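Proteins come first, then strands; the chains are lettered A, B, ... in the order of their sequence lines, and each starts at number 1. None of these values were measured; they are calculated from a predicted model.
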Amino acid sequence: MSAGKDTLYVYAIADKEAPAPATGLHGSRLRSLRSGPLVAVVSEHRVLPEADETELWAHESVVERLMRTSTILPMRFGTTVEGAGVLLALVKERQQEFEAGLERVRGAVELSVRAQLPDAPAPVSGSEPGDAEHPGTTYLLDRARGVRHGEGLAEAIHRPLVKLARESAQRRQVRAPTAFRAAYLVDEGNVAAFGEAVGALGTQLGQAKIGCTGPWPPYSFVGEEVG
Amino acid sequence: MTRDRAQEDLRRQRNRDAWGARNEASRQRQERGVSRALRDRDVSLLDLVDRLLDGGVVIHGDITLAVADVDLVYVGLRALISSVETIERDMGVSLSAAGPSLKASAL
């Protein structure tokens, strides 16, 4: 996709300039545009990135490099602004919000946890108030039991992990009640302990398969939703 | 900020083609049986897609998204990552001990 002459591709709002020389997508030069205490890290492109796997990883590695030297609020992939003037005005307009956002994530990283919860145990035939004459009722009761079972296990996973986190953001998955998916904002000093806690859960919960990826930039902790 | 309509259409077409190609690759891979390494990689990609296309700071106002149809891209990418639900169902316990090239290696 081609871009106007002054189109800026924005990676992050940061608390300090990107260390020179810094490279953005497609080998471009990273620029740091300062607005008061904030810096917008951008690059100029004639051709803007496509949302494919390669470009997503390339974008991510630029943002991760920034994260090593400064506290950042990562932008959503594909954010462009027409010209430095427009961008600086936008940053200035939301300065308070961005400053608060940076304090919220300072010294922390995001860790992602996914787990597959085992299915609920099969109902004991005849012991439930549903029967062949009421298949709908039986189905709903089974569903409800499955949800309760899933919630119990999700809580067993979440409880020890949230203790090691500053914040968490959990996503309910209506279509896959046995899939657990959550993001945790964890102090850098707690990352190792968090990893151990995930490992311990894997041993403890037996069948529940659990995995953790990260550290990520705090993508899930830059908006209003607080878990 | 003028955006050439034809180029926009071309880009969308390219996105669709890319999804098609990956969908096909994904299907073939599943038929062959997916190795654990690929699954781990896909889980990391899934986390990446969830974050970059659904998280992060969104700035409104006088801006253009390079990914104008970002929701569509998001849904498409999620769908083609060798079937999200399959990964979530089959996800291996060894994720946290994945190789150095994987995002999961950090833990």
Side-chain angles (χ1 to χ4, degrees), chain A residues 1-4 7 9-10 12-13 48-53 56-57 59-60 73-82 86-87 90 93-94 98 101 110-112 114-116 173 175-176 178-179 181 183 191-192 194-195 198-199 202 209-217 219-223, chain B residues 1-4 7-8 10-12 14-15 18-19 22 40 43-70 72-74 76-77 80-81 84-85 87-98 102-107:
Chain A
M1 178 178 176
S2 70
T7 301
Y9 184 85
V10 194
I13 304 293
L48 292 171
E50 304 282 341
D52 64 24
E53 187 177 341
L56 288 173
W57 281 119
H59 175 105
E60 172 67 10
L73 300 175
M75 308 301 294
R76 182 164 297 184
F77 179 89
T79 299
T80 62
V81 177
E82 298 297 318
V86 174
L87 176 58
L90 266 163
E93 191 184 307
R94 290 173 67 178
F98 289 150
E110 178 172 330
L111 298 174
S112 165
R114 285 174 192 272
Q116 178 53 45
Q173 302 203 102
R175 284 181 59 228
T178 62
R181 188 167 145 225
V191 170
F194 193 94
V198 172
K209 297 173 177 180
I210 184 165
C212 184
T213 65
W216 298 93
Y219 288 104
S220 307
F221 301 96
V222 296
Chain B
M1 50 171 212
T2 50
R3 186 75 61 209
D4 188 354
Q7 273 179 341
E8 192 78 359
L10 181 66
R11 184 175 63 78
R12 283 175 205 220
R14 277 208 306 272
N15 276 342
W19 299 346
R22 267 221 59 175
D40 290 353
V43 170
S44 292
L45 178 60
L46 194 56
D47 277 336
L48 178 80
V49 168
D50 279 350
R51 279 166 180 72
L52 266 63
L53 298 183
D54 197 34
V57 175
V58 177
I59 46 182
H60 302 283
D62 193 15
I63 62 157
T64 35
L65 285 182
V67 190
D69 40 1
V70 68
L72 195 60
V73 173
Y74 176 62
L77 272 170
L80 67 80
I81 301 169
V84 172
E85 284 177 7
I87 296 168
E88 287 177 344
R89 196 164 55 239
D90 299 345
M91 197 184 65
V93 282
S94 72
L95 275 179
S96 44
L102 300 175
K103 187 74 196 177
S105 66
L107 284 183

Which atom names give the shortest non-hydrogen contact between A:V222 and B:G56, and what distance separates them? CG2-C, 3.3 Å
Counting C-beta onward and ignoring hydrogens, is there a side-chain heavy-atom pair between B:L53 and A:L56 closer than 4.5 Å? yes
When you compare the side chain of A:Y219 with that of B:D54, does any pair of heavy atoms fall below 4.5 Å? no
State whether the side chain of A:R76 and the backbone N or O of B:L52 hold a donor-acceptor pair below 3.5 Å, judged by distance alone. no
Kindly compute the distance separating CG (A:L87) from CD1 (B:I59), expressed to the nearest 0.5 Å. 6.0 Å
Spacing of A:R181 atom CZ and B:D47 atom CG [to the nearest 0.5 Å]: 8.0 Å
Could you walk me through whether B:R51 and A:E110 pass the salt bridge (Lys or Arg N to Asp or Glu O under 4.0 Å) test, one step at a time? CA-CA 10 Å; B:R51 279 166 180 72; A:E110 178 172 330; 2.6 Å; yes
